[in-house]
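Structure first, commentary second.
Please read these numbers as outputs of a predicted model, since none were measured by experiment.
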Amino acid sequence: MTLNIRVIAPDKTVWDASAEEIVLPSSTGQLGILKGHIPLLTALDIGVMRVRIDKEWQPIILLGGFAEVKNNNITILVNGAEKASDIDLNIAQNNLEQAISILADAKTSKEKIEATQNVRKARARVQAAIVLNS
């Protein structure tokens with residue numbers, strides 16, 4: 001038996017497949033799910049979801065949301081998601097450096113909040129690209 005995983009963004013279904021294991025970026029840290037997991041509802045943070053299929057890990061960037069685990073079915077509702085295969089590591093690293101620089105220069109609370117979110121998204125993209133390339 002495997003896990004049935006669906007990742008749904010506002011505009012499309014990003015992922016709909018079976019896997020052996022999943023690691024989610026929950027709001028309280030990384031959360032690993034295997035078959036037979038107890039029912040669970042958790043908030044998700046911006047970060048990298050890793051899915052193991054046939055002993056290979058596939059990363060997907062999640063931009064916050066919620067996950068429900070029930071009867072080996074995992075439904076993930078997200079604000080947005082990106083596939084790591086669409087990311088160039090060099091560009092992602094440059095974007096992260098720029099985002100950190102913008103955060104350092106932020107003056108108002110609004111600018112700091114937006115810049116912090118952009119740093120977290122950029123960092124997730126770099127992490128996903130590294131997982132994919134390793």
(message) How long is the straight-line distance from CD of Gln127 back to CD1 of Ile130, given to the nearest 0.5 Å?
(response) 7.5 Å
(request) Please name the pair of heavy atoms, one in Ala122 and one in Ala99, separated by the smallest distance, quoted to 0.1 Å. (result) CB-CB, 4.4 Å
(request) Return yes if some donor-acceptor pair links the side-chain N/O of Asn71 with the main-chain N/O of Asn73 below 3.5 Å, else return no. (result) no
(request) First locate atom CD1 of Ile46, then atom CG of Leu44, and finally report the distance between them rounded to the nearest 0.5 Å. (result) 11.0 Å
(request) Report the residues that fulfil salt bridge (Lys or Arg N to Asp or Glu O under 4.0 Å) with Glu97, sequence neighbours left out, ordered by chain and then residue number. (result) none
(message) Would Val78 and Val7 count as a side-chain contact (heavy atoms from CB on, under 4.5 Å) here? Give the steps.
(response) CA-CA 7 Å; Val78 294; Val7 178; 4.0 Å; yes
(message) Nearest 0.5 angstrom please: Asp86 CG to Arg125 CZ, how far?
(response) 11.0 Å
(request) Examine distances only and state if a side-chain atom of Gln117 and a backbone atom of Glu114 form a donor-acceptor pair shorter than 3.5 Å. (result) no
(request) With Ser26 as reference, evaluate Leu40, Leu31, Asp45 under the side chain to side chain contact (heavy atoms under 4.5 Å, CB included) test and give the passing residue. (result) Leu31
(message) Testing Ile76, Thr13, Ile74, Val14 one by one against Arg6 for a side chain to side chain contact (heavy atoms under 4.5 Å, CB included), which residue passes?
(response) Thr13
(request) Return the minimal non-hydrogen interatomic distance between Ala124 and Gly47, and the atom names on each side. (result) CB-CA, 3.9 Å
(request) Calculate, to the nearest 0.5 Å, the distance between atoms CD1 and CH2 belonging to Ile5 and Trp15 respectively. (result) 7.0 Å
(request) Write down the atom of Ile87, the atom of Ala92, and the distance for their closest heavy-atom approach. (result) CG2-CB, 3.8 Å
(request) With the side chain counted from C-beta on, respond yes when Ile100 and Arg123 share a heavy-atom pair under 4.5 Å apart, and no when they do not. (result) yes
(request) Could you tell me whether a side-chain N or O of Asn79 sits under 3.5 Å from a main-chain N or O of Leu63, the two making a donor and an acceptor? (result) yes
(message) Return the CD to CG distance between Glu82 and Leu62, rounded to the nearest 0.5 Å.
(response) 10.0 Å
(message) For the CD1 atom of Ile60 and the CE atom of Met49, what is their distance to the nearest 0.5 Å?
(response) 3.5 Å
(request) Apply salt bridge (Lys or Arg N to Asp or Glu O under 4.0 Å) to Arg52 and list each qualifying residue two or more places apart in sequence or on a separate chain. (result) Glu20, Glu21
(message) Regarding Asn4 and Ser18, do their side chains bring together a donor and an acceptor under 3.5 Å, going by distance alone?
(response) yes
(message) Holding to side-chain contact (heavy atoms from CB on, under 4.5 Å), I want the full list of residues that pass it with Gln98, two or more places apart in sequence or in another chain.
(response) Asn95
